[in-house]
Structure formats: structure tokens, C-alpha cells
Number of protein chains: 2
Amino acid sequence: MRRPTIADIARAAGVSKGAVSYALNGRPGVSEATRGRILAIAEELGWAPSSAARALSDGRAGAVGLVVARPADVLGIEPFFMRLISGIQSELAGGPTALTFQMAGDLAAETATYRRWAAERRVDGVLLVDLRVRDPRVDLLTGLALPAVVIGGPDGVGALPCVWSDDAAAVREVVHYLVALGHRRLTRVAGPPEFAHTAARSAAFAEVARELGLERAETVHADYSVEDGARVTRRLLAAVPRPTALLYDNDLMAVAGLGVAQEMGVAVPAELSVVGWDDSALCRLVRPALTTVSRDVVRHGAEAARMLLAAVAGGPVPSRRAPAAALRPRGSTGPLERP
Amino acid sequence: MRRPTIADIARAAGVSKGAVSYALNGRPGVSEATRGRILAIAEELGWAPSSAARALSDGRAGAVGLVVARPADVLGIEPFFMRLISGIQSELAGGPTALTFQMAGDLAAETATYRRWAAERRVDGVLLVDLRVRDPRVDLLTGLALPAVVIGGPDGVGALPCVWSDDAAAVREVVHYLVALGHRRLTRVAGPPEFAHTAARSAAFAEVARELGLERAETVHADYSVEDGARVTRRLLAAVPRPTALLYDNDLMAVAGLGVAQEMGVAVPAELSVVGWDDSALCRLVRPALTTVSRDVVRHGAEAARMLLAAVAGGPVPSRRAPAAALRPRGSTGPLERP
DNA sequence: CCGACCGAGTGAACCGGTTCAGTGAGCCGG
DNA sequence: CCGGCTCACTGAACCGGTTCACTCGGTCGG
């Protein structure tokens, strides 16, 4: 019971392979009667095109790739990626394109993966996440002529199209909100400085702090993990005077910070306001619920996938700006009660 | 600047395509001198085999597939899958096999994906997760002759190899531990009853409760999500008399339950003990830290991937039992203080 | 009535590997 | 000195599609 090929269909229909190919792909060259007959036979035989044969023949892999280089324990619990993938899949589902997913230990492993994929023609294009400052991957992919869409930007993406949201505006919104609540000493617990979005947010944070004449507004870095978020928070809350508001770069560290505040007897939000970033389900998992910056990650993913398919098809693809991230206030922020 | 093919190498080396193929694949048929020359030229040209051509020629896709059918919002935050994937990748990394990942909305979409993958020969085998009671996918995959390894079991997997851990033993361990702490009214907040592991755990729970003569030991079902976990917990804690210990089927619902207890003024662990399942990073994210059942999910994934590669290669693959899941006591369980 | 044209369909090449039957040279033993 | 064997390598078929140049028969305009 070999899988049927177009040759089987051709034999059954009494026509040539070429005619079958035309019929199945909806191109001219066969009469409607013949096309119908061929389609019926293909259906009856349960035929589906061999992805390998098609890939070899038309030079297209029928897959796009996503590599994520973050430590496994961060990936496991960081909801961002699964939501992103969910968005990507919603665009790919049903279509002829599959998603090849790879986790890499570090940047070197990630670039090696791109090289291999390009050399093996395993994917038609890739989605680039966690854009870095002067990201070497941008030049690499450009050099490999591998179509790519960057999730992030818009700076430093070179000629690659990107889908980005205005992080700076969101940072400004959060800071204005906290200042309105009476806060004057803010600290940002940011992700690693090498990420482009970290740099963008840090710059915006410094700028708005200057504009508003804040007493203190520093940025410290952590690696997005629960452990590092807790460690940094412990240090920050031990300082005298301590900050009255903490802005985290992801929900995970913010939730860890919430736990540390509780452990150190710092009341949230009476003495300390905490803000996360991403609006994942984690925010509603904890008490008080976490105030956070909300962006539609799923839609981000869908948008990026759509753009990548267009880029693979060869069209010019303009970068797109996603709807701005917005503050979602919950119980973890409030007016300062005991300054 | 076309990518080099073996024909290019053959021309440069002054030999035939066949000789190049033998040389590159380390098979006999070429002298060591010639092999060295061909290898050097291939290296210099930056040659890598076209995955499509190889797939077409040897009938192997060079990829394995994983489909996950859970609601997107559960997937986003449920750490289990990312850890599993991380384990799978650790086995695949560097090798010639890629991972094709798909999220499906429901079981029907999932089976449709298997059919399509099989028809298109897009993957050489698949990993099956979330085994169900009388799982239709087992027969489907067997019928499609698509190699598969089940993560779960060992019951109901038919002829498919599986990697499983002894959930029943873990349930018994947890219940004995809680009883030793003085608990007599336990409730299990389980996953959907259609999952095989849910059924196995429920059966073990009922059995050990009978053996120990517990006052109460019921199982209720939820869908693994934060919301459902919270909803069910609210209902359970409102009952009179309420259970003194809750056993959840994943950490996510357990953490949600912890939040509800706090919201309802039920002290943990003084009045209520809470146990999760999986030992994800979530457990150490909350206060009190969550007692949970720990199993090495990453290793599970690696094991399954290794078995799948063996199955694809055609060898007979015996099912494997992973090290038993073990109780990891933390702050959320303790002796009953105010019964 | 003849040439141009058009639609339907054919046959073969091609994509880039793998594999198999065959070939010629060199070596060995008898 | 010759038959047979091994080794190194060649040429072609093959995997399952797509595509292109070409043929054949019918129709239409002049």
C-alpha cells in the first residue's frame, strides 16, 4: 500500500503526469472535464503532494524556522514564547507551510542553526526574536539571503522587515502613572542590556525621569529568570532609602519581586508598587494581581508570520508597527501610603 | 552564487556524482586519497546536503513532529511543554533531524495534522503527548504506519512504544504523606478525565484512600487553567466541612488555588495543605513555596526523542519506564494546626 | 480552401541527492 | 601467461513532483 503519486493518478486517468500536475494546481492546460476527473481520482486515492518532491522541484522548503536562544529554565516558564508561537501557528495553520522550531543554548548555536538551515534549504525563512544591539544575526541572514522578519526593532534591523511596538511610549506611560501616584524613586529591573528592546526601554526611562525631575531612576539588569529577579529585588529593597516603585521587564521577574517584597515585609502596594511587562496569565495568578504593560503577543506572532510568508513569496514587505503597548493597572500599584 | 551541489564537487574533483556521494557518506567504494580530496573540496565550497533531495531520495523527511492540543492560554503559561521540548531538542540538536512543531485547537485538528504529515511525508515520526483514555490517535498512527512514541502510558498505547512514569506510586506517596500530617479530608483537583494519566492518578487516589480509610477523598476535574483551578478551589473551600488538603494535577492550578486560599482567608499550611504536580519553576515563585510532585520532564523528552529516532531507524523499541516521580515537600504542606 | 491560431495534452528534462549494475585496471595464484 | 578476484570508480536510473517545448486537431478569418 504505497502512497499514491501523480504517476498513479495519471495512469488511472489515462493522461500524462504533466496534465495531472496542471489539474491539481489549478493551472490552465487541461479541460474542465479532465480536471474534474483527475481531481476525483486524486481524492479517491487520498493523494497529497510529497513535501520533499515539491521542495526539490520548486526550491521551496515549505517551512519557516524559529530559533529561540534563552536558558531552558527561563523558556519553560516564560509565557511570551508560547504565546508568540501560538500567533505564528494561527497564521500558518491549514496552509502549506510548517514551523520548524529549535532551541539554542546561546547565540553561537543560534547562528550555526541559521547557517545549517540555509545550507540545507530546510526552511524558506526565519523569524528573528530577541533582537540585540548591533545584532550579528541581521547581517548573517542578509548575507545568507534567507528571508527573515524581525520581531522587534525598528532600529538595527538593516534591510529586514520588522514588526515592532512602541516600547518607549509604554515606558513613559508607566512612569507618568507612577509619578501621579506620588512615586519619586523608581527602579527598573531590566533584561540583559544586549537586547535592543532593553536598551530602548532604558533610554526612554532615563529620558522621562529627567523630564519629570525624579529623585532617583536607575536601571539594573537581570536575566529574566525567577532567581535573578528575586536576587536583584532583594538587593534593591535592602537599600536605604529604597525605591518605592519597581518596573520589571517581564512578568516573571515582577512576580518573583512580589514574593521577595512579601518575604521582606514590604507591603504592596502601600509601600511599594510593582509593574510587570507582557500581561501574561501570571499577572492574575498572584495576590495582589500584577499591574503590567500589555501587548498583544499573539497578534504580534500572527503579523510576523504573515509578513514572513509575503517575504518568502518575494514581495516587498514593509515593516509594521503593532498597536502600542498599554498600561494595565491592577492591585500591585497604588498611591504611596507610608513614604 | 548558487549553493553548491554534489555535481559541482564532482566536477571540481574530476570524479562522478556517485563517487562524491560515497565519499561524503563515509561508505566504501572510494580510495582514502580520493575521499580526502572530495571532503576538502566540499568543505571549501561550503556544501551541505539539500534536505529536500535527500528526503526525496531516501524517503526520509529528516524531521519529527510534535502536535500539542491544548488551549493557547494554558499552553502559554504551562511550563510542562517547553521543558519537554527542551529535552527533545537536546537529543535532536546537532543531528540531521529537525523538530516540526504544531499547535492544534482540538483533537480533530490534531488528527488532521497527523494525516497531512503522513500523506505529505513531512515527518518521519511523531511524539504523542496527553494520551487519552481509548485514544483514537493510537489507532490512527498505527494505521498510517507513522512511527510514534507515546509520552505517557503504559496502558492503552497498543503496539506503540512509550516512556512513562509511575503516577500511581507518586499519588500513593503524596497521600501517605498527607495522612501522616494528620489530614483526613483530601480532594484531588484533576485534569480533564479523558486524559489517561488523569484516570490513572484518580484510580490510585481512590484506592489508597480506601486502604487508609479516609473520611473523604473525592476527585473533581478542571482544565489545567488558572481560571478553572481558581473556580474549582473557591467552590471546594466554601464547602462545610472543607477539605484540609488539596492535590492538584499541575502546578499552575495549585498556584491559583494558593491565591484563592489567601483571598478566602484560609491559612496555608496551617488550615490547608496544597500539593502541585510537575515541579516547575512556578513552585518557587510563590509564598509559601509549593509542595509538588517532581519528575524530570526534560529527561522524559530526551528519552522519548531518542526512542523515536530508533523507531524511525526501524529497530524494535521497547517501552521505558522513567524514574518514578517523587514528592518534593515545601512550605505549602504541613501538619493540620486548627482542624 | 488555406494558413494562423488556440486549447488540450504529451514527453522529457530537471531539481539534488542515493544506489546499483557494470567496467577496467591491477594483482594474485597456479 | 592466463583466469579470476578485488578495488575504485562510472553512468544511469530513481525518488515525485514542476515546467517547458512541442504536437495534434479543430476553428476561424480572409
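Residue numbers start from 1 in every chain, and the chains themselves are labelled A, B, ... in the order their sequence lines are given, proteins ahead of strands. Predicted model only: the values in this text are computed from it and were never measured.
Geometrically, A/Arg35 does not engage A/Tyr22 in a cation-pi contact defined by less than 6.0 Å to the ring centre and at most 45° from the axis. A cation-pi arrangement is present between B/Arg70 and B/Tyr224 under the rule of less than 6.0 angstrom and at most 45 degrees off the ring axis.
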Apply the test side chain to side chain contact (heavy atoms under 4.5 Å, CB included) to residues A/Gln89 and A/Leu99: give CA-CA distance (whole Å), side-chain angles for both, the deciding distance (0.1 Å), then the verdict. CA-CA 8 Å; A/Gln89 299 274 6; A/Leu99 178 69; 3.6 Å; yes
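In this structure, A/Thr34 contributes its side chain and A/Val30 its backbone to no donor-acceptor pair below 3.5 Å.
Protein atom CG of A/Asn25 is 7 Å distant from nucleotide atom P of D/dT19, rounded to whole Å.
Counted within 6.0 Å of CZ on A/Arg37, heavy atoms from surrounding residues, nucleotides or ligands total more than 12; the atom is thus considered enclosed. Residue B/Arg116 qualifies as enclosed at atom CZ: its count of foreign heavy atoms under 6.0 Å is above 12.
Over its full length, the helix from C/dC1-D/dG30 to C/dG30-D/dC1 turns its helical axis through 50°, comparing axes from the five pairs at each end and rounding to 10°.
Across all strands, B/Ala48 comes closer than 4.0 Å only to sugar-phosphate atoms, never to a base (heavy-atom distances). Among the protein residues, A/Arg27 comes within range of the sugar-phosphate backbone only, with heavy atoms under 4.0 Å from sugar or phosphate atoms but none that close to a base. Residue-level contact check: B/Thr5 touches the backbone only, with heavy atoms under 4.0 Å from sugar-phosphate atoms and none from bases.
Contact check for A/Lys17 versus A/Val20: no side-chain heavy atoms found under the 4.5 Å cut-off.
The aromatic rings of B/Phe195 and B/His197 sit parallel, their planes meeting at an angle under 30°, below the 60° perpendicular limit.
Along DNA chain D, the nucleotide nearest B/Ser16 and the nucleotide nearest B/Asp58 are compared for position; the residue whose nucleotide lies closer to the 5' end is B/Ser16. Nearer the 5' end of DNA chain C, as judged by each residue's closest nucleotide, is the contact made by A/Ser31, out of B/Ser21 and A/Ser31.
Think of the region where chain A sits on DNA chain C: with heavy atoms and a 4.0 Å cut, that region ends 5' and 3' at C/dA8 to C/dG16.
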